[in-house]
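The figures that follow rest on heavy atoms only: side chains count, while hydrogens, waters and symmetry mates do not. The shown structure was predicted, so the numbers you read here are calculated from the model rather than taken from an experiment. Letters go in sequence order (proteins before strands), and every chain restarts at 1.
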Protein chains: 2
Amino acid sequence: MSDWEAPRVLLAVDLVILTVRGSSLQVLLVERGVEPFEGALALPGGFLRDVEEDIPAAARRELEEEAGLADEPHLEPLGVYGEPGRDPRGRVISVAHLAIAPRLPEPVAGTDAAQAWWKPVDDVLSGRLELAFDHRRIVADGVERARAKLEHSALATAFCGDTFTIAELQQVYEAVWGAQLDPRNFYRKVQAAPGFIVPAGDERRPGNGRPARLFRAGPTDSLNPPMVRSAQ
Amino acid sequence: MSDWEAPRVLLAVDLVILTVRGSSLQVLLVERGVEPFEGALALPGGFLRDVEEDIPAAARRELEEEAGLADEPHLEPLGVYGEPGRDPRGRVISVAHLAIAPRLPEPVAGTDAAQAWWKPVDDVLSGRLELAFDHRRIVADGVERARAKLEHSALATAFCGDTFTIAELQQVYEAVWGAQLDPRNFYRKVQAAPGFIVPAGDERRPGNGRPARLFRAGPTDSLNPPMVRSAQ
DNA sequence: GTAGCTTCTTGTCAAACTGACACAAAATTG
DNA sequence: CAATTTTGTGTCAGTTTGACAAGAAGCTAC
């Protein structure tokens, strides 16, 4: 074993960037500009730039280069995908990350070289949209992570802007979970969770009906009691 | 960028193997036989054997080679730890896994070359025990994962043997959470969770007092309603 | 300006769940 | 057989949930 040498692998970073647009949960996809899978839809991502680059730093770099999201959205490691044979260029280990972007009305700022679009995750999960590599599984894992974290953490606020109404927050829950919630019970629940949201002045934002109070994300990240997704 | 070549890194697999012994949560540690950190305590693990080896396969191989756990315990990916400089031998990316072993009275079957011990996780988390590399953080993340999963999944049954009493299951919760639970409410709760545990014959196992009914793990992995760890 | 519509916010109420605890049941020990 | 220990069942008050009524506060149409 003294002359044995550990194998070396290529390290990539892939991003599952989620947002809520309208009433649907969407994921950012790019068109691949190089082989393999040239022209196919894929998650934004790329190889480590050099052997000294930190993994979170690489994720933030790709977030800016490929998605044009310079401001810091929520970003967390999601998992490792390294099946042999998943990439014809050799043994590639991909470290997937989950990013949450606030509502962006624009169809995504133009990116590096390739084009990028927001696509409904339902189209990806149902197979209506084909993705390169094993990216469909990565999206599925990212969505499931987001769904689970909405129950016990304040992740939902990352989908919103700096300030938001309770109804907007509810739309996030409904889009991510794909379920309808009662506005009145939702209102009661989020207010009761200590530290989840705090009033942002008594300003209001006009809509169609009665104006709503504005809130911003509170200090605590863990929700107790949790939000429950049970019977519809 | 055409003559640019992606950097290659070393890939390692580390294992956080947890079990409950007596009333404390313990983790399996080995004494390192080679530099760096020779002689120090560390998590079992090692490099990928060859460039074609699958990551879960490598985790199972280390589980058997270094921990002597040939039968299949619960095993799941935990996270990636790849900070530059964490290993003097070069850029090493470690894929940590969480394994749950049932109660083993023996102080661990003798392993490959080095020795192995069960150590209370409290000693690791408090810093009373020094670990090589960033393994203390990995243990902390593994323990937190286990604590969280006990709430919403049937993971607790992985700590038990094939059949177990409700009191034994409660000891698992108490050891992992580090909290006391009311036996009568616990009894009611686990019975009410559909598919969590199912009666295993009407056999019983003598103890000191009244004999207890035996159960085995049920079909469902997700607990609804969840077990809650709140007030002490 | 008033009627009508929309959305936000506050209540109400029965059913379910939780946490604390009394107590019966079934074994072992002295 | 009495004492002890642990398992299993029941009770009960306080809290939370889910469904829904109704008031409050804006906009639009006539």
Side-chain angles (χ1 to χ4, degrees), chain A residues 22-23 150-152 156 160 163-175 177 179-216 222-232, chain B residues 22-23 150-152 156 160 163-175 177 179-216 222-232:
Chain A
S23 63
L150 245 56
E151 291 191 275
H152 310 283
C160 301
T163 62
F164 48 86
T165 68
I166 291 187
E168 285 167 8
L169 194 62
Q170 180 180 346
Q171 285 165 18
V172 170
Y173 274 88
E174 293 183 336
W177 284 350
Q180 295 288 104
L181 302 174
D182 183 297
R184 295 148 312 178
N185 293 336
F186 184 84
Y187 196 93
R188 170 169 29 107
K189 199 74 193 292
V190 294
Q191 293 264 42
F196 185 11
I197 57 174
V198 296
D202 56 353
E203 345 170 24
R204 351 206 122 194
R205 184 185 290 171
N208 204 1
R210 170 175 178 175
R213 281 184 285 189
L214 285 177
F215 295 82
R216 53 169 42 91
S222 82
L223 259 44
N224 198 291
M227 310 289 294
V228 278
R229 52 166 165 165
S230 53
Q232 39 194 349
Chain B
S23 62
L150 245 55
E151 291 192 275
H152 310 281
C160 301
T163 62
F164 48 85
T165 68
I166 291 187
E168 284 167 7
L169 194 63
Q170 180 181 346
Q171 285 165 19
V172 170
Y173 275 88
E174 293 185 335
W177 283 351
Q180 294 289 105
L181 302 174
D182 184 298
R184 293 146 315 179
N185 292 336
F186 184 85
Y187 196 94
R188 169 165 35 103
K189 199 74 192 294
V190 294
Q191 293 265 42
F196 186 11
I197 55 174
V198 296
D202 55 355
E203 346 171 24
R204 351 205 123 194
R205 183 186 292 171
N208 203 1
R210 172 176 175 173
R213 281 184 285 190
L214 285 177
F215 294 83
R216 53 169 41 93
S222 83
L223 258 43
N224 198 292
M227 309 290 293
V228 277
R229 50 165 166 165
S230 55
Q232 44 192 353

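Between the side chain of B/Gln171 and the backbone N or O of B/Gly22 there is no donor-acceptor pair closer than 3.5 Å. Judged purely by atom type and a 3.5 angstrom limit, A/Tyr173 uses its side chain to pair as donor or acceptor with the backbone of A/Leu150. Remark: side-chain polar atoms of B/Lys189 are paired, donor with acceptor, to backbone N or O of B/Pro226 under 3.5 angstrom. A/Gln191 contributes no side-chain N or O that, together with a main-chain N or O of A/Arg188, makes up a donor-acceptor pair within less than 3.5 Å.
Considering only side-chain N and O atoms, A/Arg213 lies nowhere under 4.0 angstrom from the phosphate OP1 or OP2 of C/dC8. Distances shorter than 4.0 Å separate none of the side-chain N or O atoms of A/Tyr187 from OP1 or OP2 on C/dC8. Within the 4.0 Å cut-off from OP1 or OP2 of C/dC23, not a single side-chain nitrogen or oxygen of B/Arg210 is found.
Spacing between atom CG of B/Asp182 and atom C1' of D/dT11 amounts to 14 Å, rounded to whole angstrom units. Between the CZ atom of A/Arg184 and the C1' atom of D/dT17 there is a distance of 14 Å, rounded to whole Å. C/dC21 atom C1' lies 18 Å from atom CZ of B/Phe186, rounded to whole Å. Between the P atom of C/dT9 and the CG atom of A/Leu214 lies a distance of 9 Å, rounded to the nearest Å.
Residue-to-nucleotide contacts include a donor-acceptor pair under 3.5 Å from the side chain of B/Asn185 to the base of C/dA20. Put simply, the side chain of B/Arg188 and the base of C/dG19 share a donor and an acceptor less than 3.5 Å apart.
Residue-level contact check: A/Ala167 touches the backbone only, with heavy atoms under 4.0 Å from sugar-phosphate atoms and none from bases.
Nearer the 5' end of DNA chain C, as judged by each residue's closest nucleotide, is the contact made by A/Asn208, out of A/Asn208 and A/Ile166.
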